[in-house]
Protein chains: 2
Amino acid sequence: MTAPRRSFRRENPDARKDALIRAALSLIARRGPGAATVRAIAEEAGVTQGLIRHYFTTKEDLLNAAYQFHMQAQTEAIEGLVALGPAGARQRLARMVATSVSPPVAAPEALSLWAGFIHMVWRDPAMHATHERSYLRYRDLLQAHIASALDEAGRAVPPQEARTLAIACNAVLDGLWLEAGALPEAFGKGELVRIGLRSVGAILGLELSSDEAGA
Amino acid sequence: MTAPRRSFRRENPDARKDALIRAALSLIARRGPGAATVRAIAEEAGVTQGLIRHYFTTKEDLLNAAYQFHMQAQTEAIEGLVALGPAGARQRLARMVATSVSPPVAAPEALSLWAGFIHMVWRDPAMHATHERSYLRYRDLLQAHIASALDEAGRAVPPQEARTLAIACNAVLDGLWLEAGALPEAFGKGELVRIGLRSVGAILGLELSSDEAGA
DNA sequence: AAGGTAATTATGCGGACGTATAATTTCAGG
DNA sequence: CCTGAAATTATACGTCCGCATAATTACCTT
């Protein structure tokens, strides 16, 4: 009684790559980088391990693609949510704050992914480039919204000052993002959004109310 | 020509444990959790791998001890540096800010360690307890210094308000700590300290100058 | 100086890892 | 329906992993 060879369907190559990437991300997020073995990724994606080599020359190659996919998705999620809703500069800034410290951007899975990738980011130049690009793109977006909001309030600032303010506000958001991911049960619902709005508001000398941050 | 058995010296058990713990931390910090194999740790500590089993019942046991060691060292480093220097409440707060966003507390190695441990922290209850204890101890210390500084300025606040302020300031410091570790080359010398003092000052409505933060 | 004990090294085991390659199966085009 | 190419499965290989255990050695006690 030899086991019959398992049947399969041919899939669109892009869909297969996508499935493998998502499987890798899911494993890293849920169970850490050590759990993302070639065999586990293949099983999670519902294929056998040999297929990974058919689509990616090496495991590292797959993880590179996964990191890029994740960072791009995260960035686009933020930009998309910020673009929706009322159009005033102050409201947009408030929305960026709220989005950055709320799920799904701020969540244990996101933090887990970030932690799982950081060592590869330092070793691999391509991943390092992706990392830096994403970070600066986010900070530039934040800086633009800060400058607009201050401008709208009749308090235009020079670029150098805007950069400093953006670094400071970015630090607040990164910190809250980190804590939301690391100790999700330690904060009440909406507490981190309120603290984020208040802190960024204090740094900028602007009033950012919670009402303005809602969708 | 069979190789001669390698010679060795007996060491104080505590010193050996310490060496093994430091070796594990060094490997995780420099090359990631995947590099911290039993064999690599032993080599880094200058012993053979069997010795690890003699001092720790399992690898996980060693990593638990290493995490606890690291967190305690980090906390004590901060508390020690804050205690030094001029004794005014505002100065102490400024020193806590500066210490938290400067090496060795804020550095790529520290961030790397944190990232390397976070998955174990979630899975292992003992490590989770260590994690939460360290976090709250740090935040309580920060909250105490904030309350003192505000009190000194004649602006005493109720505990609930102090808690919120501590969470906000903690987020700023965590965020700057994160960025100092992730992109150390992206900031000028002293820039993060300046931004930290200014941001915490803005949140609290206090003036925290750089001069006061120095040793 | 001898002997005992704990510290340390040395060796081995079974399993999982990443990668390579061969064997099959699906599916599109004639 | 047939055939060829690509997608997919299956199997194998060498390495490294954590852990176990046996053999040796350094040091303390007397």
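Each chain gets a letter, A, B and so on, in the order the sequences are listed, and its residues count up from 1. All heavy atoms count here, side chains included; hydrogens, waters and symmetry mates do not.
Side-chain atoms of Ile28(A) and Ser112(A), non-hydrogen and from C-beta on, never get closer than 4.5 Å to each other. Between Leu62(A) and Lys17(A), every side-chain heavy-atom pair lies at or beyond the 4.5 Å cut-off.
Among the protein residues, Thr37(A) comes within range of the sugar-phosphate backbone only, with heavy atoms under 4.0 Å from sugar or phosphate atoms but none that close to a base. Here Gln49(A) lies in heavy-atom contact (under 4.0 Å) with a base. Backbone-only engagement by Arg6(A) is indicated by non-hydrogen atom pairs under 4.0 Å involving sugar-phosphate atoms exclusively.
Atom CD1 of Ile52(A) and atom P of dT11(D) are 18 Å apart (whole Å). Atom CG of Asp61(A) and atom P of dA20(C) are 12 Å apart (whole Å). Protein atom CZ of Phe56(B) is 12 Å distant from nucleotide atom P of dT8(C), rounded to whole Å. Met120(B) has its CE atom 14 Å from the C1' atom of dG18(D), to the nearest Å. Atom NZ in Lys59(A) sits roughly 12 Å away from atom C1' in dT19(C) (whole-Å rounding). If you measure from atom CD of Glu11(B) to atom P of dT9(C), you get 11 Å, rounded to the nearest angstrom. Nucleotide dC16(D) holds its C1' atom 15 Å from the CG atom of Leu27(B), rounded to whole Å.
At least one side-chain nitrogen or oxygen of Thr58(B) sits closer than 4.0 Å to the OP1 or OP2 atom of dC19(D). A sub-4.0 Å separation between OP1 or OP2 of dT8(D) and a side-chain N or O of Tyr55(A) is present. Side-chain nitrogen and oxygen atoms of His54(B) include none within less than 4.0 Å of the OP1 or OP2 phosphate oxygen of dT8(C).
Ring pair Phe117(B)/Tyr67(B) is tilted by interplanar angle, where 30° to 60° counts as tilted.
Side-chain proximity of Arg53(B) to the nucleotides dC19(D), dA7(C), dT9(C) is greatest for dC19(D). Closest to the side chain of Leu51(A), out of dA7(D), dT19(C), dT8(C), is dA7(D).
Each of Phe8(B) and Phe8(A) has a nearest nucleotide on DNA chain D; the 5'-most of these lies closest to Phe8(A). Between Arg5(B) and Arg39(B), the one whose closest nucleotide on DNA chain D sits nearer the 5' end is Arg39(B). Between Arg10(B) and Ala36(A), it is Arg10(B) whose nearest contact on DNA chain C lies nearer the 5' terminus.
Here the side chain of Arg22(A) pairs no donor or acceptor atom with the backbone of Ser26(A) at under 3.5 angstrom.
You won't find any donor-acceptor pair under 3.5 Å spanning the side chain of Arg9(B) and the base of dA7(C), going by distance alone.
Arg198(A) approaches Thr164(B) most closely through the heavy-atom pair NH1-CG2, 3.9 Å.
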